[in-house]
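Note that this is a predicted model, so its numbers are computed, not measured.
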Amino acid sequence: MLRDLRYLRLVVANLAYVLAAGVLPVLLALYITEVLHAPAWLVGACMVGNMVLVALVQTLVARMIERRRPARVLALAGVVNAVAFAVFGLVLAVPGWLVAGGMLLAMAVFTVAEMLSMPSSSELSASLAPDHIRGRYLGVFQLSWSLGNALAPAVLTTLLGHGPAWPWVVLGALNLLAVPLVLSLGDSALGKPVPADAAVEDGVPRRQPLTDTADHR
């Protein structure tokens, strides 16, 4: 497992997305009420907006990405997350009457990134794992969620304590750094079908073994 650098890159990259997901349960309410000094109803409006947008748009997003390579979709999610965090940070500089609109816009962009990242990361975690030890691989991938969720409260609140813009700067940078890692994964399939004239066993063409080379990019 430790020799599978390709899968380990996915695990490391996923930490950025897990920390990003921590914005909703950890950072949002603090940022709105303690930093922006906006009314508490805005927290509820952002949370409800997130749920409503997922309910209305998730099927459409799934159809749009179903024929796309999951690595590219996950990379796009990282870029969209970075845009969302930039908007969250820019709300600090807008007049009070624009705060609600700015937060709702940032939340909408953040939700789109969420809908892009969740299915693509799950697909990659399963498809990059060898069949005979898939459970072990998925267990390691799940560790990125466990570790990220454990770190998120301390990391995000510490950053907020150093300055209101710091969480957004760091989260945006981490998600942008995850993009080349994800793109380096290449195709999601374990291997590529061999040519039609290749030898077959039991009527099924053999598949090329997984390697960490540019052939899979």
A.B. asks: Atom CG of Leu124 and atom CZ of Arg69: how far apart are they, to the nearest 0.5 Å?
C.D. replies: 12.0 Å
A.B. asks: Less than 4.5 Å apart, any side-chain heavy atom of Val11 and any of Leu15?
C.D. replies: no
A.B. asks: Treating Arg6 as the side-chain partner and Leu128 as the backbone partner, does any N or O pair qualify as donor plus acceptor under 3.5 Å?
C.D. replies: no
A.B. asks: Crowded around Trp166 CH2? As in, over 12 foreign heavy atoms under 6.0 Å?
C.D. replies: no
A.B. asks: Using a 4.5 Å cut-off between side-chain heavy atoms of Ile, Leu, Val, Met, Phe, Trp and Tyr, which other residues end up in the same hydrophobic cluster as Leu143?
C.D. replies: none
A.B. asks: Between Asn50 and Cys46 (side chain of the first, backbone of the second, donor and acceptor by atom type, cut-off under 3.5 Å), is there such a pair?
C.D. replies: no
A.B. asks: Taking the side chain as everything from C-beta on, heavy atoms only, tell me whether Tyr17 gets closer than 4.5 Å to Met118.
C.D. replies: no
A.B. asks: Below 4.5 Å, heavy atoms only, C-beta onward: do Leu30 and Val35 meet side chain to side chain?
C.D. replies: no
A.B. asks: Answer with yes or no whether the hydrophobic clustering places Leu8 together with Leu177; edges join I, L, V, M, F, W, Y residues whose side-chain heavy atoms lie under 4.5 Å apart.
C.D. replies: no
A.B. asks: Please check this pair: side chain of Ser122 against backbone of Pro119, looking for a donor-acceptor N/O pair closer than 3.5 Å.
C.D. replies: no
A.B. asks: Atom CG of Leu53 and atom CG of Leu104: how far apart are they, to the nearest 0.5 Å?
C.D. replies: 11.0 Å
A.B. asks: Compare all side-chain heavy atoms of Leu105 with those of Val91 and state whether any distance is below 4.5 angstrom.
C.D. replies: no
A.B. asks: Decide whether Val112 and Val52 are clustered together by the hydrophobic rule: side chain heavy atoms of Ile, Leu, Val, Met, Phe, Trp, Tyr closer than 4.5 Å, transitively.
C.D. replies: yes
A.B. asks: What is the minimum heavy-atom distance between Trp41 and Ala100, and which atoms define it?
C.D. replies: CH2-CB, 4.2 Å
A.B. asks: Looking at Leu183 and Ala75, what are the two nearest heavy atoms and their distance?
C.D. replies: CD2-CB, 3.7 Å
A.B. asks: Treat each ILVMFWY residue as a node, draw an edge where side-chain heavy atoms are under 4.5 Å apart, and state whether Phe85 and Leu159 are in one component.
C.D. replies: yes
A.B. asks: Under 4.5 Å between any side-chain heavy atoms of Met115 and Thr111, yes or no?
C.D. replies: yes
A.B. asks: Just wondering, do Phe88 and Pro167 contact through their side chains at under 4.5 Å, heavy atoms?
C.D. replies: no
A.B. asks: So does Val73 get a backbone contact from the side chain of Arg68, meaning a donor-acceptor N/O pair under 3.5 Å?
C.D. replies: no
A.B. asks: One pair to check against side-chain contact (heavy atoms from CB on, under 4.5 Å): Met103 and Leu36. What are the steps and the verdict?
C.D. replies: CA-CA 10 Å; Met103 287 301 298; Leu36 299 176; 3.8 Å; yes
A.B. asks: Taking it one step at a time, do Val99 and Leu42 satisfy side-chain contact (heavy atoms from CB on, under 4.5 Å)?
C.D. replies: CA-CA 9 Å; Val99 166; Leu42 183 55; 4.2 Å; yes
A.B. asks: Which residue, Val83, Val80, Val87, Val23, forms the side-chain contact (heavy atoms from CB on, under 4.5 Å) with Phe110?
C.D. replies: Val23
A.B. asks: Quick one, Leu76 and Arg72 - any side-chain contact, counting heavy atoms below 4.5 Å?
C.D. replies: no
A.B. asks: Measuring from Leu185:CG to Leu74:CG, what's the distance to the nearest 0.5 Å?
C.D. replies: 8.0 Å
A.B. asks: Testing the basics here: between Val182 and Ala13, what is the closest heavy-atom pair and its distance to 0.1 Å?
C.D. replies: CG2-CB, 3.8 Å
A.B. asks: According to the interplanar angle, ranging from 0 to 90°, do the rings of Trp168 and Tyr31 count as parallel (below 30°), tilted (30 to 60°) or perpendicular (above 60°)?
C.D. replies: perpendicular
A.B. asks: When rounded to the nearest 0.5 angstrom, what distance separates CE in Met47 from CG in Leu28?
C.D. replies: 6.5 Å
A.B. asks: Check the side chains of Asn81 and Glu114 for a donor-acceptor pair under 3.5 angstrom, ignoring hydrogens and angles.
C.D. replies: no
A.B. asks: Considering non-hydrogen atoms only, spot the tightest contact between Ala21 and Trp145 and give its length.
C.D. replies: CB-CZ3, 4.5 Å
A.B. asks: In the structure I gave you, are the side-chain heavy atoms of Leu147 and Val18 within less than 4.5 Å of one another anywhere?
C.D. replies: no
A.B. asks: Do you reckon Leu56 sits in the same ILVMFWY cluster as Leu116, going by side-chain contacts under 4.5 Å, direct or chained?
C.D. replies: yes
A.B. asks: State whether the side chain of Tyr137 and the backbone N or O of Asp131 hold a donor-acceptor pair below 3.5 Å, judged by distance alone.
C.D. replies: no
A.B. asks: Once you round to the nearest 0.5 Å, how far does CD1 of Ile32 lie from CE of Met107?
C.D. replies: 6.5 Å
A.B. asks: Do the side chains of Tyr7 and Ile133 join up, straight or via other hydrophobic residues, at under 4.5 Å, putting them in one cluster?
C.D. replies: yes
A.B. asks: Can you give me the closest heavy-atom contact between Leu176 and Val79, atom names plus distance?
C.D. replies: CD2-CA, 4.4 Å
A.B. asks: Looking only at atom types and distance, does a side-chain atom of Asn14 sit under 3.5 Å from a main-chain N or O of Leu10, one as donor and one as acceptor?
C.D. replies: no
A.B. asks: So, for Gly22 and Ala152, which heavy atoms are closest and what is the spacing to 0.1 Å?
C.D. replies: CA-CB, 4.5 Å
